Visitor: 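For reference, the structure I am asking about is given below.
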Amino acid sequence: MSDKKPSKSQVKARLPKGMRDVEAQELRALKHMLDTISEVYERYGFEPLDTPAFEYTDALGKFLPDTDRPNEGVFSFQDEDEQWVSMRYDLTAPLARYVAQNFDATPKPFRRYQTGYVYRNEKPGPGRFRQFMQFDADTVGTANPAADAEMCMLAADTLEALRIPRGSYVIKVSSRKILDGVMEGIGLGGPQNTARRLAVLRTIDKADKFPLSEIKKLLGTGRIDESGDFTKGAGLDETQIKILCDFLFAAEIKFYDLNDAHPYIVSGDEYINDCGWTYSNIATLASLSPFLQSSKVGEAAVYELEKIFQLSAISGYGSKRIRFDPTVVRGLEYYTGPVFEAELTFPATDESGQTVRFGSVGGGGRYDGLVSRFRSQPVPATGFSIGVSRLYAALSHLGKIGAAKAAGPVVVLVMDKARVGDYQRMAKQLRDAGIRAEMYVGDAGMKAQMKYADKRGSPCVIILGEDERAKGEVTIKDLLEGARLSGEISDHSEWKEARPAQFSVSEGDLVAAVQKLLEQQAKA
RNA sequence: GCCGCUGUAGCUCAGUUGGUUAGAGCACCAGAUUGUGGAUCUGGGGGUCGCCCGUUCGAGCCGGGCCAGCGGUACCA
């Protein structure tokens, strides 16, 4: 009977669902990306802020834990005073808490940017995690559409700063009010229709996911998905569906002949496509009045959107970059006016060669109700949020992420354990010269140390054994050159004899020789 | 939450109508080579065949339940 079976107490090493580790190469690239975004936000005058990873649940608003589902959507727990706390699920709710708490001390409008991980307790999917990073900019304390226009321009500038070429992205803009106006026009106004309005909004939000035929089913009786599951529809009748779809598509890229001088086209707003046709946000907006049936909210929406498009046009952001799109909906009971979505428009191929669309990498809008939860006076606010992880994934597909692995450290081999002091000193000399270097701190023999240096991606190793000591020299082995030469040799003893790609210098010349080698490698 | 599919080594997978001690490739470790990363050869570690119950003389394989993963869908600040 052998008792070699692993003990039951041995813990299985595993990652919680929806979480992931970020390793060296990605972490470096991510840091660079965050720095780039910060620069743009700083340039717009936003101030950095950091808030904690969890808050009192009531401060976050929604998803108050109830007895049967205390963790629906958010991660919540009770502290020792039995107060409910929740992990933040975005950066906006904590901002609202911060502004309300420091209201008198903050300048209005208050402009802040913030990045950090947020947490959602929901089913993870491809590219969708339970911990992920957002990067937000918000302006609190003004209802001026100029603040919304600025969010769109900020989004465009940020994507370009990350080297996404103009034309490969679009900032889509709409307004919750304009949809409210249209729905009012088809008889869905009033509190008795709240549930149906939400169902309609949910459906419109899926316009980029499903073809028109499926959207129509969802607006009507319902739809059966490919696994056979049935989704109940919004229950609109044929006429209502037709008007709604006409509206959504009336605004879908409407081009004008250049020769028909259109009274509403503002200089800078037009976008001329490959065929020489011109599209204009403002002209498109003007054509929508039949759908709004002189609805008050509808008119207000058109006014706000016109302002946004005028300002962005005057600043040189045309319809090609910031574009009206009535299918943008976003958060249901959250946004109160203009809404934005940053979309990448280029196709990409994934590992298996399939074409994938990245779609939305950020979004935002006006949320006039959030801060006023804490105060009696109204506090209008607007903001934009970048989904950092998704954008990172898109950028690496685009090849905009520095793909080169950071060079590993120069490794000083430990040839004689009695003389670690000498090796440590050499490592320090190299570091003092600004070279990334380390003494091997394991216990293995020389061969294993060579393997270690190879795996670390070291440019070279430093060898100081008995032979070198006798001559007052050190040997520098160029691992990159060695790897190249190894391809030409098939016999091991020959490989060993040749000792390729190494040379010796006197001990005092170590740093200069390594520096020279690194320069040569950098050129090659 | 609902629907569907899939669970065999760290990874990718084989495993006959149910039949001895469950295999391969890759990866990992060691030796050949006690001072040299590659290649080669030799050896080694690693598995409750997702878990439990049942059928059977006998289950990785058949049946039921559960769990996990993936996909779709719903919800989504």
Side-chain angles (χ1 to χ4, degrees), chain A residues 4-6 8 10 12-15 17-18 60-63 68-69 72-74 86-96 118-126 128 130 134 136 198-199 201-203 205-206 209-210 214 218 222-232 329-335 363-365 367 369-370 383 385 408 411 413-416 444-458 460-469 475-502:
Chain A
K4 64 171 182 181
K5 37 166 102 162
K8 281 216 168 121
Q10 195 169 48
K12 178 161 184 174
R14 64 207 179 110
L15 211 47
K17 182 169 65 173
L60 289 183
K62 333 189 80 180
F63 301 112
D68 19 323
R69 307 178 127 184
E72 181 75 357
V74 296
S86 297
M87 304 298 291
R88 63 184 178 198
Y89 51 79
D90 69 11
L91 299 175
T92 314
L95 170 68
V118 300
Y119 303 84
R120 293 186 189 178
N121 189 6
E122 56 191 19
K123 185 182 151 186
R128 220 178 153 175
R130 301 208 292 184
Q134 292 194 329
D136 285 30
L198 287 176
L201 290 177
R202 274 195 281 268
T203 303
D205 198 28
K206 288 169 192 142
K209 193 175 175 184
F210 296 123
E214 301 300 305
L218 282 169
R223 162 181 189 270
I224 299 172
D225 76 27
E226 64 186 60
S227 70
D229 198 25
F230 178 72
T231 308
K232 197 166 175 290
V329 175
R330 302 196 62 81
L332 286 183
E333 302 177 56
Y334 180 79
Y335 291 114
Y367 50 98
L370 255 200
S385 175
V411 175
L413 302 193
V414 174
M415 304 296 292
D416 177 354
M446 181 177 184
K447 186 182 171 78
Q449 295 188 39
M450 290 297 300
K451 276 188 156 182
Y452 168 79
D454 189 42
K455 275 194 181 168
R456 289 295 308 276
S458 301
C460 63
V461 297
I462 309 302
I463 305 168
L464 201 173
E466 268 179 61
D467 300 352
E468 288 82 4
R469 199 180 311 282
T475 296
I476 299 168
K477 182 167 179 115
D478 179 344
L479 293 192
L480 303 186
E481 178 70 358
R484 200 179 58 75
L485 292 175
S486 76
E488 298 164 7
I489 288 172
S490 58
D491 179 72
H492 185 75
S493 54
E494 188 189 329
W495 155 260
K496 230 185 96 176
E497 286 297 315
R499 295 199 173 174
Q502 64 185 60

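Quick caveat: nothing in here was measured; it's all calculated off a predicted structure. In what follows, chains carry the letters A, B, and so on, assigned in the order in which the sequence lines appear, proteins first and then strands, with residues in each chain numbered from 1. All values below were derived from every heavy atom in this structure, side-chain atoms included, with hydrogens, water molecules and symmetry-related copies excluded.
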Visitor: State whether the distance check finds a donor on one side and an acceptor on the other, under 3.5 Å, for side chain A/Gln449 versus base B/U36.
Guide: no

Visitor: Taking only nitrogen or oxygen atoms into account, show me every contact under 3.5 Å that the protein makes with nucleotides 72-74 of chain B, one pair per line with its distance.
Guide:
| residue | atom | partner | partner atom | Å |
| --- | --- | --- | --- | --- |
| B/G72 | O6 | A/Lys123 | NZ | 2.7 |
| B/U73 | O4' | A/Asp225 | OD2 | 2.8 |
| B/U73 | O2' | A/Thr231 | OG1 | 3.4 |
| B/U73 | O4 | A/Lys123 | NZ | 3.4 |
| B/A74 | OP1 | A/Lys206 | NZ | 3.4 |

Visitor: A/Asp416: what forms a side-chain contact (heavy atoms from CB on, under 4.5 Å) with it, not counting sequence neighbours?
Guide: A/Ala418, A/Arg419, A/Tyr423, A/Arg469

Visitor: Any Lys/Arg nitrogen of A/Arg128 or A/Glu122 sitting under 4.0 Å from an Asp/Glu carboxylate oxygen of the other?
Guide: yes

Visitor: Can you list everything that forms a side-chain contact (heavy atoms from CB on, under 4.5 Å) with A/Ala96? Sequence neighbours excluded, please.
Guide: A/Leu370, A/Val371, A/Phe374

Visitor: Hey, does the side chain of A/Tyr89 reach the backbone of A/Leu60 with a donor-acceptor pair shorter than 3.5 angstrom?
Guide: yes

Visitor: Nearest to the side chain of A/Arg120 - B/G37, B/U36, B/C76?
Guide: B/C76

Visitor: Within the structure shown, what part of the strands sits under 4.0 Å from A/Ala453 by heavy-atom distance: base, sugar-phosphate, or nothing?
Guide: nothing

Visitor: How far does the P atom of B/C62 sit from the matching atom of B/U8, given to the nearest Å?
Guide: 15 Å

Visitor: How far, in whole Å, is B/A14 from B/A24 if one measures between their P atoms?
Guide: 16 Å

Visitor: Would you measure the distance from the P atom in B/G38 across to the matching atom in B/A27 and give it in whole Å?
Guide: 11 Å

Visitor: Could you provide the dot-bracket string of RNA chain B, using ( ) for intrastrand pairs, [ ] for crossing pairs and | for bases paired to another strand, with Watson-Crick or G-U pairs below 3.5 Å?
Guide: (((((((..((((.....[...)))).(((((.......))))).....(((((..]....))))))))))))....

Visitor: Return yes if the base of B/U36 and the side-chain atoms of A/Lys477 contain a donor-acceptor N/O pair under 3.5 Å, otherwise no.
Guide: yes

Visitor: Side chain of A/Lys451 only, please: which of B/G35, B/A77, B/G38 is the nearest?
Guide: B/G38

Visitor: Just jot down the salt bridge (Lys or Arg N to Asp or Glu O under 4.0 Å) partners of A/Arg120, sequence neighbours excluded, or say none.
Guide: none

Visitor: Checking all strands, does A/Glu468 fall into the base, sugar-phosphate, or nothing category for heavy-atom contacts under 4.0 angstrom?
Guide: base

Visitor: Can you name the side-chain hydrogen bond (donor to acceptor under 3.5 Å, both in side chains) partners of A/Glu468, sequence neighbours left out?
Guide: A/Thr475

Visitor: Do the side chain of A/Gln449 and the main chain of A/Val414 share a donor and acceptor less than 3.5 angstrom apart?
Guide: yes

Visitor: What is the distance from CG of A/Leu198 to P of B/A77, rounded to the nearest Å?
Guide: 11 Å

Visitor: The criterion is side-chain hydrogen bond (donor to acceptor under 3.5 Å, both in side chains); which residues satisfy it with A/Asp478, sequence neighbours excluded?
Guide: A/Gln521

Visitor: Can you measure A/Asp90 atom CG to B/C76 atom C1' for me and round it to whole angstrom units?
Guide: 11 Å

Visitor: Which part of the nucleic acid, if any, lies within contact of A/Leu413, taking any heavy atom under 4.0 Å across all strands shown: a base, the sugar-phosphate backbone alone, or nothing?
Guide: nothing

Visitor: If I pick the P atom on B/U20 and the same atom on B/G37, what distance separates them, to the nearest angstrom?
Guide: 44 Å

Visitor: Could you work out, with side-chain contact (heavy atoms from CB on, under 4.5 Å) as the rule, every residue matching A/Lys123, not counting sequence neighbours?
Guide: none

Visitor: Whole Å only: how far is the CD atom of A/Glu122 from the C1' atom of B/G1?
Guide: 13 Å

Visitor: With sequence neighbours left out, what residues match A/Ser385 under side-chain hydrogen bond (donor to acceptor under 3.5 Å, both in side chains)?
Guide: A/Asp136

Visitor: Sequence neighbours excluded, which residues qualify as side-chain hydrogen bond (donor to acceptor under 3.5 Å, both in side chains) partners of A/Glu481?
Guide: A/Arg484

Visitor: Identify each atom pair where a protein N or O and an N or O of nucleotides 25-28 of chain B are less than 3.5 Å apart, giving names and distance.
Guide:
none

Visitor: Who pairs with A/Tyr452 by ring pair (Phe, Tyr, Trp, His ring centres under 6.0 Å), at least two apart in sequence or on another chain?
Guide: A/Tyr440

